[in-house]
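Shown next, in structure tokens, is the structure this report addresses.
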Amino acid sequence: MKKLTALLLSIVMLIGILTGCGAGGQSLTEEEKNTIVIWHDKEEAVSNALLEMLQKLVPEVTVSLEYKSNLTEALKMVGNDPKAAPDMYFFAHDKIGVYAEMGILAPVTDLVDRGTLDDSYVKMTLDAATYKGELYQLPIYFETLLFLYNRLYMPDEKAPKTTEELYSYMEEKTRGGHYGFVEQHSTAYYSAGWIHGFNGYIMDADGKVGLGSQETISALTYHKKFVELMPGESEYATVNTLFQEGKAHATIGGPWLVSAVRAAGMDLGIAPMPVIDETQIPISPYMGVQGVQVLKYAAENKTEAVKKVLTALMQPEVGIALAKVSGCAPAVEACYEKEEVTSDDVVMAMRAMAENTIPMPNRPEMDIMWTVAADMLVNINMSGQDVKESCEAAQKNAEELIKKMQ
Amino acid sequence: MKKSDKKPYNQKTGNTIVSYLWSAPSLILICLIVIFPILYTGYISLTNMNVYHWFTYDFIGIENYKEALLVFDSGFLSALVLTVLWTVVNMILQLIIAYLLAGLLNTNGLKLRNFYRTLLIFPWAMPGYVSILLWKTGMFNSQFGLLNQWMEKAGVSPVKWLANDVSAFICCTVVNLWLALPFMITIIDGALQSVDRSYYESALLDGANWMQRTWYITIPAIRPVIAPSVVITIFTTFKQFDVIYLLTQQAGAKTGAHIHTILTYAYENAFITNNYGYSSAVSMIIFLILIVFSYVINIKPKEES
């Protein structure tokens with residue numbers, strides 16, 4: 001009897017395992033056509049606000065939000081399997097190129113009117129969401145880095161207007177475990193602001209690598225003197241803890257830092273990015289646009305439900321609700337007519353910054369560029385290698401790795 | 001007569017088939033989990049599967065291998081040398097420390113023995129990722145790390161522990177030992193308990209000292225028990241990725257040290273390309289290196305036996 005039970009259990013287990021590999025392919029029922037699954041990697045406050053808004057605006061569609069911690073990799077695995085893939089996903093715009101090239105995304109302009117989008121969105125967000133001429137994302141809100149300072153040490157009038165003013169402040173205040181200014185100096189996302197301020201670039205919108213350009217070399221040569229007055233470690237935890245604990249007077253950080261430092265009781269100031277004296281261009285960081293992408297299968301088979309959800313997401317109240325919980329700036333222009341948005345200094349600072357920011361490139365090659373640029377920055381800032389040599393070596397390495405992508 | 005000779009043979013064959021049938025579910029599972037991924041990686045390595053041909057890839061023969069061999073340049077060779085050094089240093093230290101600690105755990109009349117055992121196994125209970133990052137921030141961080149806090153108190157200027165190659169290698173070794181010792185201690189502890197006490201009693205009567213007892217009784221007695229775990233640990237150490245990557249090369253938190261094992265080197269020079277065909281070819285070559293390595297390691301015990 002025991003043997004029989006064991007045999008039966010083994011068979012059931014095997015069937016269970018093997019049926020997972022089976023293929024689907026049946027046509028959808030009305031109920032299925034009206035159900036939209038959205039993957040996301042956001043904190044609970046954001047996903048709850050999104051779900052609440054969608055339930056209110058499109059009660060006839062059943063929307064389910066599923067948290068995926070490793071969303072980008074999961075999509076690569078199941079992106080073309082309708083049984084396992086979501087109908088949409090809520091993520092930053094910088095991965096659009098990868099999924100568009102894989103062929104799993106549908107342009108949102110197939111589902112909503114392009115003219116309406118052009119009239120109602122912050123232009124930069126639509127530019128960011130465009131890959132090879134097609135708009136693949138419906139932007140919801142955008143985020144960028146801000147110049148943040150602790151008013152306890154740096155009064156408003158001392159907030160530097162230029163990078164040389166910032167340098168003088170750092171020279172004066174960096175001593176005894178205190179730092180005038182800290183940033184994640186050897187991370188490409190943070191250093192890009194300085195590179196853009198010299199008209200350099202990590203990779204341009206056409207996929208050209210700019211690590212070895214004269215502008216990038218000049219930017220990193222200039223940036224190095226600031227790095228010398230910062231701590232050796234440049235990772236997120238060290239930099240943010242130094243600022244939160246009052247050991248660093250100013251930093252360049254994202255909106256995600258604001259609520260934490262305010263909750264800790266800091267009198268936080270937000271200033272425009274200092275202008276680089278040599279070029280008269282402010283430090284111009286990358287901008288990330290968070291929004292919704294539609295998978296091809298859903299666009300073709302659940303067209304009506306997808307259209308309804310997208311139309312709902314275009315309403316200013318959705319942008320406002322999500323921007324409030326995320327601390328980021330809404331992508332819909334009409335949101336900036338509402339008092340609850342205009343009264344938020346962080347959101348308004350980001351809206352003002354939108355003019356000076358550069359959208360993160362959304363090309364697939366960026367996966368390589370983040371690593372190669374970070375290696376280059378570490379070689380320059382932390383290992384003391386020559387700037388020009390490091391930049392040129394990184395340019396060559398990036399070009400070789402990009403060739404290997406094909 | 002012939003018939004009766006055949007019967008046991010048939011019975012034996014029948015038994016073998018039944019045994020295989022009973023273990024079939026496990027064998028199929030092993031095939032699915034272990035063998036299939038290796039074969040599939042081999043297959044992918046012969047295709048052009050990448051971002052641009054994700055679902056519509058073609059068979060391209062050994063093209064990826066020609067490209068992959070370029071990864072095995074001087075950088076790869078120095079990474080290979082470092083990987084061997086890393087494995088040897090870690091294995092020697094692990095065996096010595098684990099042996100000493102297990103020996104202490106088996107001291108006669110030791111109080112709170114089980115408490116110490118639990119304490120020593122604790123690092124195993126924690127997820128490796130958490131342990132490594134705790135060491136990185138809690139111990140080695142130049143601003144907040146315990147080591148630098150102590151040094152500051154002693155009036156010594158802070159050190160960037162993970163910024164240069166030698167100190168980063170030592171730090172990685174310390175963390176790897178912390179993570180790996182519980183396994184080795186448990187095995188050696190068990191092995192020590194299995195040694196017959198009467199050998200020691202006889203040796204004591206013969207006037208053997210601690211060193212002689214260790215060399216002539218303990219080590220020969222425990223060697224067969226710990227040999228498989230040593231082989232397993234050699235492999236896990238050889239293909240170690242987490243400790244070195246998370247301590248020194250994590251994206252957004254690089255420290256300035258340039259210590260690469262073959263896996264971290266392959267990651268930076270192949271896997272970030274999102275070219276699965278090419279990365280699979282690199283993986284297959286590393287797999288072959290590991291097979292050769294395993295063959296070399298296994299030669300000696302076979303000769304001895």
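Order of the sequence lines sets the chain letters (A, B, ...), proteins ahead of strands, with each chain counted from 1.
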Is it the backbone or the side chain of Thr238(A) that comes under 4.5 Å from a heavy atom of chain B, or both, or neither?
both
Heavy-atom distance under 4.5 Å between the side chains of Met405(A) and Asn50(B), does that happen here?
no
How close do Gly256(B) and Val378(A) get, counting heavy atoms only, and between which atoms?
CA-CG1, 3.3 Å
Will you find, in the side chains of Glu233(A) and Ser142(B), an N or O donor that is under 3.5 Å from an N or O acceptor?
yes
Give a yes or no on whether the backbone of Lys404(A) and the side-chain of Asn275(B) come within a donor-acceptor separation of less than 3.5 Å.
yes
Min side-chain heavy-atom separation Met382(A)-Lys254(B) under 4.5 Å:
no
To check you understand the geometry: which heavy-atom pair defines the closest contact between His258(B) and Ser383(A), and what is its length?
CE1-OG, 3.3 Å
Leu401(A) backbone acceptor or donor facing Thr273(B) side chain under 3.5 Å
no
Given Glu235(A), Lys247(A), Glu400(A), Glu365(A), the one with more heavy-atom pairs under 4.5 angstrom with chain B than any other is Glu235(A)
Top contributor to chain B contacts, counting heavy-atom pairs under 4.5 Å, from Asn80(A), Thr371(A), Leu377(A)
Asn80(A)
Just by modelled atom types, is the Lys76(A) backbone N or O under 3.5 Å from a matching donor or acceptor in the Trp54(B) side chain?
yes
If we only count heavy atoms from C-beta on, is the Ile272(B) to Trp370(A) side-chain gap below 4.5 Å?
no
Between Met102(A) and Phe55(B), which heavy-atom pair has the shortest distance, and what is it?
O-CD1, 3.6 Å
Nearest 0.5 Å, what's the OH-CD distance between Tyr236(A) and Gln250(B)?
13.0 Å
